[in-house]
Amino acid sequence: MSQLLNIEDFTLGFPDRPPLLDSVSLHVNDGEAVALVGESGSGKSLTTRAALGLFPGGSEFSGTVSVQGLDTLTANKQRLMELRRGHASMIFQDPRAGINPVRTVGDFLTETLLRFDGLSRAEATERAVKQLEQVGLRRAKELMDQHPHQLSGGMLQRVMIAAALLNSPDLLLCDEPTTALDVTTQSGIVRLLREEQQSRGMGMLFITHDLNLAASMCERVYVLRRGTVVEHGPTQTVFQMPQQDYTRQLVEATPIIELGEVPAVEASAAPPLLQVSGLSKTYQLPRGDVITALDNAGFSLPEGGSLGVVGESGSGKSTLARLVVALETATVGELTLHGVPRPRRPLKAAERKVLAKDVQIVFQDPYLSLDPRIPVGNAVADVFRLHQRQGRKQAKASAAELLGRVGIGPDRFDARPRALSGGQRQRVALAKALAARPRLLVLDEATSALDVSVQAQVLELVEELRDQFGLTILFVTHDLAVVSRLCSELIVMHQGRIVEQGPTARILEDPGDGYTRNLIASRPRPLWDAEPVTA
């Protein structure tokens, strides 16, 4: 096999500052899948972007980064454009940052085919539709006429993956491409990427914080910490017999399904904190069609309880979460919070402020929670001032202590959201929600963007607060391992309906519904057998 991507002693940084990347060396061969793992801020994305000649403004760099012999550190703009159009493609973590919001999905997918590949509009559209279907998107023809804001995050990520595969690249660079996807869709995408990589002889560099995912598709792995490669080798060897303490910490922090560890809440004669009965939500489309996002949901959640909600994209999980926190109004049904029925109308400002003291939500996308103009420390301190009635000095001290507990150091207190990585922004969003000391915390895929060590740290904090303050948790996620650790009860949703509910351990050990069995079977599994590695 020939080397497709070769990085040698690559150093990148800014004047008068420590380097962000320090003598990084790695390579990817033709037809090989290589993983790049490490915590947020370790330099994974910077390393991968360098393969396309994408560098931060004002940065200085040295070393060698070459793709098929082209040095991207010194190549001119025309050569780099030729590389990006025909030989190397990248799937970015945030799909909204890569798609023009005022253009349709069809325009985004067909532009290169029309301008540079010489296809007619009909041919380009046909190829784009076929690729959308390959990545698991239904109604692909209709999607071509839609704009990005009309698609969910998971659907947009699949559009980005389809765009990256359209020109059959020799090198595919994947920057957390499955973060926004549910477990069944992720399983299909991983299988598709693996098949495409092997059938085309395509090289692939796969950035992920999910070590289980890396093990399921990559033969070799590089572990990056603070801009330096600390360990590399065959994936099985590195993960089963790690030589470095940091690698061992990552492996130990990787969640696995563990049954029977979450204490169940004792039955009480008191009414449940949250009671949902016959809850439904429908949306009227401009053409007169009606979409049922949630259909006749019913459950109860006791004070201090923990309820997991799992299901694939479009199953109604997020709709349910938004109804609970009053960001949506139910079409029919009843929702009662600590004995008070929720009115079937948008809440008034005063009602919303009262609700925010008791109920907080952390979204999958932290951009929805953070004002880009406000330093993150001030954003958390403002919550302490509003809901805990603390003075300015005390609020700042409380904010600094809470941010430290979620892994944001004092050096980041005055940083604005744009200066933080996606995982760091999510930790700030969680701290902001916890600062209100809510009775009910709704987590909507809140840990999916976090690397495994930070995820473990955040989950420990949530568990501690649950035990210390009787915090009640509603956890929407596609990660069954996180559910098994944090939630004593589980709801499984499919196409807007609850298909199974009950104790988490019972459902994960002996699922009664075929869809639940499919979810459990879709978890990533390593390429190797279960037999231990021989030295």
Undergrad: Between Thr125 (side chain) and Ala122 (backbone), is there a donor-acceptor pair under 3.5 Å?
TA: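 Here the side-chain-to-backbone pair does not exist.
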Undergrad: What distance separates Arg485 CZ from Leu480 CG, expressed to the nearest 0.5 Å?
TA: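 One gets 15.5 Å once the value is rounded to the nearest 0.5 Å.
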Undergrad: Rounded to the nearest 0.5 Å, how far does CD of Glu219 lie from CG of Asn29?
TA: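 The CD atom of Glu219 is 10.0 Å from CG of Asn29, to the nearest 0.5 Å.
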Undergrad: How far apart are the C-alpha atoms of Val159 and Ile99, what are their side-chain angles, what is the distance that settles it, and do they pass the side chain to side chain contact (heavy atoms under 4.5 Å, CB included) test?
TA: CA-CA 9 Å; Val159 170; Ile99 303 179; 4.1 Å; yes
Undergrad: For the atom pair NE2 (His209) and CD (Glu39), what is the distance rounded to the nearest 0.5 Å?
TA: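 His209 NE2 to Glu39 CD: 12.0 Å, rounded to 0.5 Å.
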Undergrad: Residues in side-chain contact (heavy atoms from CB on, under 4.5 Å) with Ser59, at least two apart?
TA: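 By the side-chain contact (heavy atoms from CB on, under 4.5 Å) rule, Ser59 matches Leu12, Phe14, Phe55, Pro56, Phe61.
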Undergrad: Taking side-chain hydrogen bond (donor to acceptor under 3.5 Å, both in side chains) as the test, write out the residues that go with Arg225, two or more places apart.
TA: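 Checked Arg225 against side-chain hydrogen bond (donor to acceptor under 3.5 Å, both in side chains); zero matches.
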Undergrad: Thinking salt bridges, do Arg506 and Glu500 make one under a 4.0 Å N-O criterion?
TA: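 A salt bridge is present here (some side-chain N lies under 4.0 Å from a carboxylate O).
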Undergrad: Is it the case that the side chain of Glu231 and the backbone of Val238 share a donor-acceptor pair, with hydrogens and angles ignored and the cut-off at 3.5 Å?
TA: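 Flag not set: sc Glu231 to bb Val238 has no pair under 3.5 Å.
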Undergrad: Using ring pair (Phe, Tyr, Trp, His ring centres under 6.0 Å) as the criterion, list what pairs up with Tyr515, not counting sequence neighbours.
TA: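 Listed in chain order: His494.
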Undergrad: With sequence neighbours excluded, what pairs up with Asn518 under the side-chain contact (heavy atoms from CB on, under 4.5 Å) test?
TA: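 With sequence neighbours excluded, Asn518 shows a side-chain contact (heavy atoms from CB on, under 4.5 Å) to Thr184, Ser522, given in chain and number order.
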Undergrad: Listing request: all ring-ring contact (aromatic ring centres under 6.0 Å, His included) pairs with a residue in residues 123-145, at least two apart in sequence or in separate chains.
TA: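 As it turns out, there is no ring-ring contact (aromatic ring centres under 6.0 Å, His included) pair with a partner in residues 123-145 once direct neighbours are skipped.
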Undergrad: Begin from the C-alpha positions of Gln197 and Leu172 and carry the test side chain to side chain contact (heavy atoms under 4.5 Å, CB included) through to its verdict.
TA: CA-CA 8 Å; Gln197 179 250 326; Leu172 185 63; over 6 Å; no
Undergrad: Ignoring hydrogens and geometry, is there a side-chain-to-backbone donor-acceptor pair from Lys317 to Glu312 under 3.5 Å?
TA: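 Checked: pair present.
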Undergrad: Any donor and acceptor pair, going by atom type alone, linking the side chain of Arg427 with main-chain N or O of Ile408 inside 3.5 Å?
TA: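 Not confirmed, Arg427 side chain does not pair with Ile408 backbone.
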Undergrad: Output all residues satisfying side-chain hydrogen bond (donor to acceptor under 3.5 Å, both in side chains) with Ser187, sequence neighbours left out; order by chain, then residue number.
TA: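 Partners of Ser187 by the side-chain hydrogen bond (donor to acceptor under 3.5 Å, both in side chains) criterion come out as none, since no residue qualifies.
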Undergrad: How many angstroms lie between CG in Asp444 and CZ in Arg322, if you round to the nearest 0.5 Å?
TA: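 The CG atom of Asp444 sits 8.5 Å away from the CZ atom of Arg322.
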Undergrad: If a pair satisfies side-chain hydrogen bond (donor to acceptor under 3.5 Å, both in side chains) and one of its residues is in residues 110-119, list it, with sequence neighbours excluded.
TA: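 The answer is Arg103-Glu111, Glu111-Arg115.
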Undergrad: Between Leu508 and Leu490, does the side chain to side chain contact (heavy atoms under 4.5 Å, CB included) criterion hold? Intermediate values first, please.
TA: CA-CA 9 Å; Leu508 294 181; Leu490 181 62; 4.3 Å; yes
Undergrad: Judged by atom type as modelled, is there a donor-acceptor pair below 3.5 Å linking the side chain of Gln244 to the main-chain atoms of Pro242?
TA: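 Not at all, since once roles are kept as given, no pair shorter than 3.5 Å links the two residues.
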Undergrad: Considering only residues two or more places apart or on different chains, which pairs with a residue in residues 105-138 satisfy ring-ring contact (aromatic ring centres under 6.0 Å, His included)?
TA: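 Residue pairs passing ring-ring contact (aromatic ring centres under 6.0 Å, His included), neighbours aside: none found.
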Undergrad: I need the minimum non-hydrogen distance between Phe239 and Leu211, along with the two atoms involved.
TA: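 Here Phe239 and Leu211 meet closest at CE1-O, 3.4 Å.
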Undergrad: Going by side-chain contact (heavy atoms from CB on, under 4.5 Å), name the residues that satisfy it together with Asp210, two or more places apart in sequence or in a different chain.
TA: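 Asp210 satisfies side-chain contact (heavy atoms from CB on, under 4.5 Å) with Thr208, Asn212, Leu213 only.
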Undergrad: Side chain to side chain donor-acceptor pair (under 3.5 Å) between Gln134 and Gln131: does it pass, once the steps are laid out?
TA: CA-CA 5 Å; Gln134 254 194 317; Gln131 193 66 69; 2.9 Å; yes
Undergrad: Under the rule for side-chain contact (heavy atoms from CB on, under 4.5 Å), what residues qualify as partners of Thr47, not counting sequence neighbours?
TA: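 Testing Thr47 for side-chain contact (heavy atoms from CB on, under 4.5 Å), a comparison that skips the adjacent residues, returns Ile7, Leu21, Val24, Leu26, Leu36, Leu224.
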Undergrad: Is the backbone N or O of Met217 less than 3.5 Å from a side-chain atom of Arg194, with the two atoms forming a donor-acceptor pair by type?
TA: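 Between the backbone of Met217 and the side chain of Arg194 there is a qualifying donor-acceptor contact (under 3.5 Å).
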Undergrad: Given 3.5 Å as the limit, does a donor-acceptor pair link the side chain of Arg220 with the main chain of Val34, or not?
TA: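 Looks like no, no N/O pair under 3.5 Å.
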Undergrad: Does any N or O in the side chain of Thr11 come within less than 3.5 Å of the main-chain N or O of Ser23, such that one atom is a donor and the other an acceptor?
TA: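 Yes: the side chain of Thr11 pairs with the backbone of Ser23.
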Undergrad: Using the rule given for side chain to side chain contact (heavy atoms under 4.5 Å, CB included), can you reason through Val476 versus Leu320, listing the C-alpha separation, both sets of side-chain angles and the distance that settles it, and then say yes or no?
TA: CA-CA 9 Å; Val476 174; Leu320 176 60; over 6 Å; no
Undergrad: Donor-acceptor pair, Glu8 side chain versus Ser25 backbone, under 3.5 Å?
TA: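 Such a contact is absent between Glu8 side chain and Ser25 backbone.
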Undergrad: Using the test side-chain hydrogen bond (donor to acceptor under 3.5 Å, both in side chains), find all partners of Arg497 that sit at least two apart in sequence or belong to another chain.
TA: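 Listed in chain order: Asp295.
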Undergrad: Under the side-chain hydrogen bond (donor to acceptor under 3.5 Å, both in side chains) rule, collect the residues that match up with Arg121, sequence neighbours excluded.
TA: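 Expected list: none.
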Undergrad: When you measure from the side chain of Asn167 to the backbone of Pro169, do you find a donor-acceptor pair of N or O atoms at a distance under 3.5 Å?
TA: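 Answer holds: no.
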